[in-house]
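I have placed the structure first, in the form of structure tokens, so that the comments after it can refer back to it.
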Amino acid sequence: MAKKRFIFDENYIKRYAKKDKTKWLIIGVSALVLIIVIIIVVLATKNHHQRKVETVVPKFQLKEELVLESGSELPEAVDYFSELENIDIEDIKVSYPEEFEISYDLSRCSDEEIEAINEEDANILDYACATPMLKTPNTYGITVNVQKKDYTVNLKVVDTTAPVVLTKTVEIFVGEEYKLEDFINQCYDVNDICTASFVTDDIDENGNPIDYSAFKDEGTYNVKLKAVDGYQN
């Protein structure tokens with residue numbers, strides 16, 4: 001079989017040279033497009049990273065003083081801040097001075113839990129139902145550690161709430177006497193000071209003082225009492 005012979009004449013060379021030129025032009029344009037795409041991606045990623053860095057800058061402002069009523073729940077860490085952004089709450093540590101006093105509200109506890117809490121070796125902190133409450137009115141310097149630095153916030157505990165008194169009806173016979181304690185079922189104050197007494201400054205329609213402690217005639221009377229806590233509420 002005779003082999004085919006290729007004659008590289010001038011037209012052949014021009015035709016294939018044109019094809020090579022087109023091929024390299026396509027390759028060059030593609031490479032240029034690829035480079036532009038890479039540059040755009042790099043710039044976009046860089047700008048996104050810069051924006052991301054800007055949004056996670058920690059920002060906070062502590063309160064100079066936090067005022068709460070005695071009997072309120074123990075404040076959380078965030079309550080000491082007027083502004084708090086981009087800081088993990090778990091990284092904030094609050095420390096209380098030795099003289100700081102709290103009590104515990106057991107109203108959420110079951111009878112079994114209360115019985116267990118009252119055992120001699122029980123640790124009340126082990127019971128989630130026991131809610132820590134602010135107790136003694138005073139101004140305390142609270143240490144708040146944020147961003148590995150200690151700050152002091154004054155926690156002012158005040159007592160402006162009157163005690164709670166639960167009364168009961170008393171029935172006696174003519175000639176018998178009654179006492180103040182007969183009318184009181186419970187006298188409660190968050191700071192455990194509740195002093196009750198008969199009201200002594202009321203007068204009747206004739207201008208005569210009413211002695212709530214000494215009704216003697218047969219009849220039904222409303223006996224007026226008052227209770228005062230240790231902070232004159």
Side-chain angles (χ1 to χ4, degrees), residues 40-164 166 186-194 229-233:
I40 292 173
V41 170
V42 170
L43 291 176
T45 303
K46 182 179 180 181
N47 291 336
H48 175 72
H49 178 70
Q50 289 176 343
R51 289 195 299 271
K52 184 177 179 182
V53 170
E54 291 174 359
T55 58
V56 297
V57 174
K59 188 176 181 181
F60 68 91
Q61 180 65 49
L62 284 157
K63 297 177 181 178
E64 291 184 4
E65 185 176 70
L66 178 62
V67 181
L68 292 174
E69 184 75 16
S70 178
S72 301
E73 291 190 18
L74 191 70
E76 298 181 359
V78 294
D79 295 327
Y80 292 99
F81 293 84
S82 57
E83 185 178 14
L84 185 64
E85 296 180 13
N86 304 317
I87 295 177
D88 191 345
I89 300 300
E90 298 298 324
D91 294 334
I92 300 173
K93 306 301 179 186
V94 179
S95 302
Y96 294 91
E98 291 183 2
E99 67 274 15
F100 186 75
E101 290 187 84
I102 59 174
S103 59
Y104 290 90
D105 179 9
L106 304 182
S107 61
R108 302 175 187 174
C109 299
S110 65
D111 292 340
E112 292 77 12
E113 288 173 321
I114 292 176
E115 185 177 347
I117 289 172
N118 288 330
E119 292 181 1
E120 186 175 351
D121 57 346
N123 184 352
I124 197 170
L125 298 178
D126 295 334
Y127 297 86
C129 67
T131 305
M133 314 289 288
L134 299 175
K135 186 173 175 60
T136 307
N138 205 341
T139 299
Y140 303 93
I142 308 302
T143 301
V144 181
N145 183 282
V146 56
Q147 297 285 288
K148 298 182 179 180
K149 185 175 179 180
D150 287 340
Y151 301 87
T152 299
V153 178
N154 286 331
L155 173 59
K156 187 175 183 179
V157 181
V158 298
D159 186 349
T160 62
T161 303
V164 176
L166 303 180
Q186 185 178 8
C187 185
Y188 169 79
D189 184 75
V190 67
N191 284 295
D192 304 323
I193 299 175
C194 182
D229 68 10
Y231 296 89
Q232 300 306 304
N233 299 302

*Approximate separation, where rounding is to 0.5 Å, of Asn145 CG and Thr143 OG1*: 9.0 Å

*Sequence neighbours excluded, which residues qualify as side-chain hydrogen bond (donor to acceptor under 3.5 Å, both in side chains) partners of Asp192?*
Lys135

_What I'd like to find out is whether the side chain of Pro97 reaches to under 4.5 Å of the side chain of Ile142, using heavy atoms alone._
yes

_Non-hydrogen side-chain atoms of Asn86 and Lys59 separated by less than 4.5 Å_ = no

*Where at least one partner belongs to residues 142-163, residue pairs that pass ring pair (Phe, Tyr, Trp, His ring centres under 6.0 Å), sequence neighbours excluded*: Phe60-Tyr151

_Taking side chain to side chain contact (heavy atoms under 4.5 Å, CB included) as the criterion, tell me which of Leu66, Leu74, Val94 meets it with Leu155._
Leu66

*Would you say the side-chain atoms of Ser82 pair up with the backbone N or O of Lys63, donor to acceptor, closer than 3.5 Å?*
no

*Set of residues satisfying side-chain hydrogen bond (donor to acceptor under 3.5 Å, both in side chains) with respect to Thr131, sequence neighbours excluded*: Arg108

*Step through the shown structure and confirm whether more than 12 heavy atoms of other residues, nucleotides or ligands are within 6.0 Å of CD on Glu76.*
no

*Flag, side chain of Asn118 to backbone of Glu115, donor-acceptor distance under 3.5 Å*: no

*Would you say the side chain of Tyr104 lies within less than 4.5 Å of the side chain of Ile117, judging by non-hydrogen atoms?*
no

*Which heavy atom in Leu106 sits nearest to a heavy atom in Ala130, and how many Å separate them?*
CD2-CB, 3.7 Å

*According to the disulfide bond (SG atoms under 2.5 Å apart) rule, which pairs have a member within residues 127-158, sequence neighbours left out?*
Cys109-Cys129

*Let me see the working for Ile92 and Leu84 under side chain to side chain contact (heavy atoms under 4.5 Å, CB included), right down to the final yes or no.*
CA-CA 11 Å; Ile92 300 173; Leu84 185 64; 3.9 Å; yes

*Rounded to the nearest 0.5 Å, how far apart are CG of Asn233 and SG of Cys194?*
11.0 Å

*Residues two or more places apart in sequence or in another chain: which of them pass side-chain hydrogen bond (donor to acceptor under 3.5 Å, both in side chains) with Tyr231?*
none

*Do you know the tightest heavy-atom contact between Tyr127 and Ala116?*
OH-CB, 3.4 Å

*Side-chain donor-acceptor contact under 3.5 Å, Asn191 with Asp229*: no

*Nearest heavy-atom neighbours spanning Glu69 and Thr160*: OE2-N, 2.5 Å

*Can you tell if the side chain of Asp189 reaches within under 4.5 Å of the side chain of Asp159, non-hydrogen atoms only?*
yes

_Any side-chain heavy-atom pair of Val157 and Thr136 under 4.5 Å_ = no

*From NZ (Lys148) to NZ (Lys93), nearest 0.5 Å*: 12.5 Å

*Would you say Val190 and Met133 make side-chain contact, with heavy atoms under 4.5 Å?*
no

*How would you list, by chain and number, every residue that makes a side chain to side chain contact (heavy atoms under 4.5 Å, CB included) with Glu65, sequence neighbours excluded?*
Val67, Asn154, Lys156

